[in-house]
Number of protein chains: 2
Amino acid sequence: MNNAVPSSASRKVTLNDVARLAGVSVATASKALNGRKQVRAETRARVVEAAEQLSFSPNELARSLLADRTGTVGLLTNDLEGRFSIPILMGAEDAFGADSVAVFLCDARGDAIREKHHVHALLSRRVDGLIVVGSRTDPRPSLGRELPVPVVYAYAPSEDPDDLSIVVDNVGAGRSAVDHLVSTGRSRIAHISGDPTYGASQERAQGALAALADHGLELVGEARFGSWTESWGRAAASMLLGQHPELDAILCGSDQVARGVMDALREHGRTVPDDVAVMGFDNWEIFTSGARPALTSVDMNFERLGRVAAQRLFAAIDGEPRSGVEALDTRVVIRGSTVPG
Amino acid sequence: MNNAVPSSASRKVTLNDVARLAGVSVATASKALNGRKQVRAETRARVVEAAEQLSFSPNELARSLLADRTGTVGLLTNDLEGRFSIPILMGAEDAFGADSVAVFLCDARGDAIREKHHVHALLSRRVDGLIVVGSRTDPRPSLGRELPVPVVYAYAPSEDPDDLSIVVDNVGAGRSAVDHLVSTGRSRIAHISGDPTYGASQERAQGALAALADHGLELVGEARFGSWTESWGRAAASMLLGQHPELDAILCGSDQVARGVMDALREHGRTVPDDVAVMGFDNWEIFTSGARPALTSVDMNFERLGRVAAQRLFAAIDGEPRSGVEALDTRVVIRGSTVPG
DNA sequence: GAAAGTGCCGAAAAGGCTTTCTGTGACCGT
DNA sequence: ACGGTCACAGAAAGCCTTTTCGGCACTTTC
């Protein structure tokens with residue numbers, strides 16, 4: 001308000017300042033700093049020193065305006081407090097290699113209007129590409145084909161098969177879970193999953209059944225669906241134990257459900273893993289490590305998902321678009337709830 | 001490579017195109033679209049229609065270059081997978097009102113080098129300000145006073161008292177926790193906290209002791225410190241119950257610890273809340289709601305923290321800087337683990 | 001009926017940078 | 001000594017938008 005003192009901080013040093021200090025033109029200064037060839041070594045040195053002395057940092061805005069590339073991508077999520085976007089974001093950050101690219105993060109909170117708004121805001125800031133992260137694995141509407149930048153869908157695939165989507169192989173995850181249980185000698189395996197309206201729970205169950213069939217086995221009782229909560233796990237496990245006391249393993253739809261299941265087992269006097277093996281999905285560390293014993297779980301490799309999505313986005317930006325759904329495999333993390341010791 | 005077909009997407013429509021289609025100059029087009037006064041209504045309408053027809057979206061880069069404001073802030077965190085940055089980010093997004101401001105998110109992962117790098121990258125993209133989120137409540141090094149944009153520290157305060165830091169009032173949180181327990185008729189209160197090297201655990205304990213003193217009470221036994229884990233909670237509670245079976249409440253340093261404590265209580269045949277009340281800190285919903293009964297906890301109001309940080313940052317950008325540490329109060333969320341029913 | 005005022009529009013500059021193109025002097029070959 | 005390279009530096013255009021300023025055609029005022 002009162003004076004124009006620039007907040008006592010180094011104000012706006014531009015290439016012009018550098019050039020003046022080095023006694024050259026801006027053109028030469030630019031070329032010197034960017035390693036262009038048409039500059040004498042001695043001149044370049046002078047410019048570089050001037051730049052350092054002024055701690056010059058080029059204005060990326062101006063640069064982007066010219067280059068028509070901002071080195072910026074938008075990450076549009078619907079799951080900010082959730083489990084998926086954050087590891088995916090970290091993977092993406094890794095893949096981008098923080099040098100060159102920065103990530104704009106927006107949360108649409110499941111609202112299509114807000115999503116449109118964010119897309120528009122991101123585009124007007126001229127992001128080079130978009131990653132869209134869904135909150136569940138079910139297909140989601142495409143942003144459309146008319147966007148001026150490439151888009152990669154992560155976790156939740158796009159409904160449009162011409163888009164590129166990177167997802168988790170939930171069927172394979174179900175298979176590998178059963179494979180693991182069978183490999184530890186279990187044969188009377190039950191399944192308590194989560195919310196039946198989620199594609200993830202259906203797919204995991206489907207994979208588990210397929211694997212059981214491959215091993216010549218059948219599920220103990222029916223697969224049970226409820227919600228992704230501990231209390232559902234407890235309730236379902238209690239019922240299950242009453243009806244099928246012979247079971248020797250319970251495959252749970254998520255780590256949270258598994259925690260509830262383990263609680264119920266303990267209350268029923270069953271021991272884990274000697275008597276009954278338990279495993280979950282997601283490998284959410286705060287749940288797996290707090291369990292007694294620590295919980296075996298299928299890791300969804302979200303960081304890798306983020307990395308792959310970022311790589312694909314890069315490729316598309318560089319003119320190598322792909323389309324279709326790419327499913328990434330998962331990984332069983334073995335802990336005490338399935339193997340003793 | 002081969003052809004110049006613009007990826008089958010609407011390529012780069014500029015104000016120039018709009019102006020040409022509307023039959024006016026770019027200057028007029030700009031004024032028309034920005035609601036400036038010096039344009040006839042009829043002309044304005046023509047421009048607006050042309051803009052819509054071409055689905056024109058102004059290039060924020062050019063605009064920012066001119067205005068020397070980007071409508072962009074950087075959020076620098078060290079806790080991406082953790083508990084704090086995300087709600088803070090959401091609060092900040094809220095406060096900014098997604099219209100005008102977008103957030104660059106960077107994770108320094110506790111590495112000072114990486115942090116410097118990110119700061120530089122954000123500054124070269126000309127963010128209008130920075131929010132720095134720490135991973136624990138202990139003071140952290142300042143980014144320095146020479147930055148060209150305002151900085152607000154959130155959760156972890158800056159070591160430099162001339163910086164502005166927004167933190168949680170952990171002492172007050174400890175006080176209000178004890179106040180709640182006392183108000184439900186408890187008088188033999190024990191405290192099992194987390195990692196003693198964290199300022200948060202010390203401050204919460206300190207607040208709890210002060211409140212007890214105010215009520216003419218003393219802690220049952222000593223405050224016990226360990227780690228922020230369920231297993232520590234179980235172990236500590238078992239010991240505690242052996243030494244002080246008379247206790248009627250356990251205040252836990254975090255919700256995770258509280259979960260462990262509740263497990264131990266159940267195994268010792270103690271009931272919650274009738275026999276022993278339990279409460280935690282953080283109000284991490286996945287822990288509080290899974291507990292039996294649901295866990296009373298002190299909510300740290302992270303979203304509000306984010307909102308306030310964003311508001312202060314805005315004020316600073318607009319030339320109203322503050323400094324010092326601003327502590328925000330917390331809020332007890334009462335559930336079944338302290339009151340029956 | 002001339003001077004002043006009004007309403008609307010466009011030319012041009014600005015913002016910081018990169019790139020192309022032009023220019024200059026040094027050096028080469030003949 | 002002269003045309004031709006070559007190495008290097010600078011002028012200027014361009015990216016897209018906003019804003020200032022001047023201009024133009026009117027209308028109002030005495």
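Every chain is numbered from 1, with letters handed out A, B, ... down the list of sequences.
Put simply, the side chain of B:S142 never gets that close to the backbone of B:S158: no donor and acceptor are under 3.5 Å apart. Within the 3.5 Å criterion, the main-chain N or O of A:L123 finds a donor-acceptor partner in the side chain of A:R126.
Bounding nucleotides for the chain A contact on DNA chain C, 5' to 3', at a heavy-atom distance below 4.0 Å, are C:dG16 to C:dT20.
Residues that satisfy the side chain to side chain contact (heavy atoms under 4.5 Å, CB included) test with A:E159, not counting sequence neighbours, are A:P139, A:P141. In this view, A:D329 and A:R304 satisfy the side-chain hydrogen bond (donor to acceptor under 3.5 Å, both in side chains) rule, not counting sequence neighbours. Under the side chain to side chain contact (heavy atoms under 4.5 Å, CB included) criterion, B:A22 pairs with B:V24, B:V47, B:A50, not counting sequence neighbours.
Taking five base pairs at each end of the helix from C:dG1-D:dC30 to C:dT30-D:dA1 and finding the rotation axis that steps the C1' atoms of four pairs onto the next four gives two axes whose angle is 60°, to the nearest 10°.
Between A:H117 and A:D111 the shortest side-chain heavy-atom distance does not fall below 4.5 Å.
Along DNA chain D, the nucleotide nearest to B:T28 and the one nearest to A:L66 differ in position, and the one closer to the 5' end is contacted by A:L66. When each of B:S25 and A:P58 is assigned the nucleotide of DNA chain C bearing its nearest heavy atom, the one mapping closer to the 5' terminus is B:S25.
Across residues 29-36 of chain B, B:S30, B:K31, B:N34, B:R36 each have a non-hydrogen atom less than 4.0 Å from an atom of DNA chain D (numbered order).
Counting any heavy atom pair closer than 4.0 Å across all strands shown, A:S64 reaches no nucleic acid atom.
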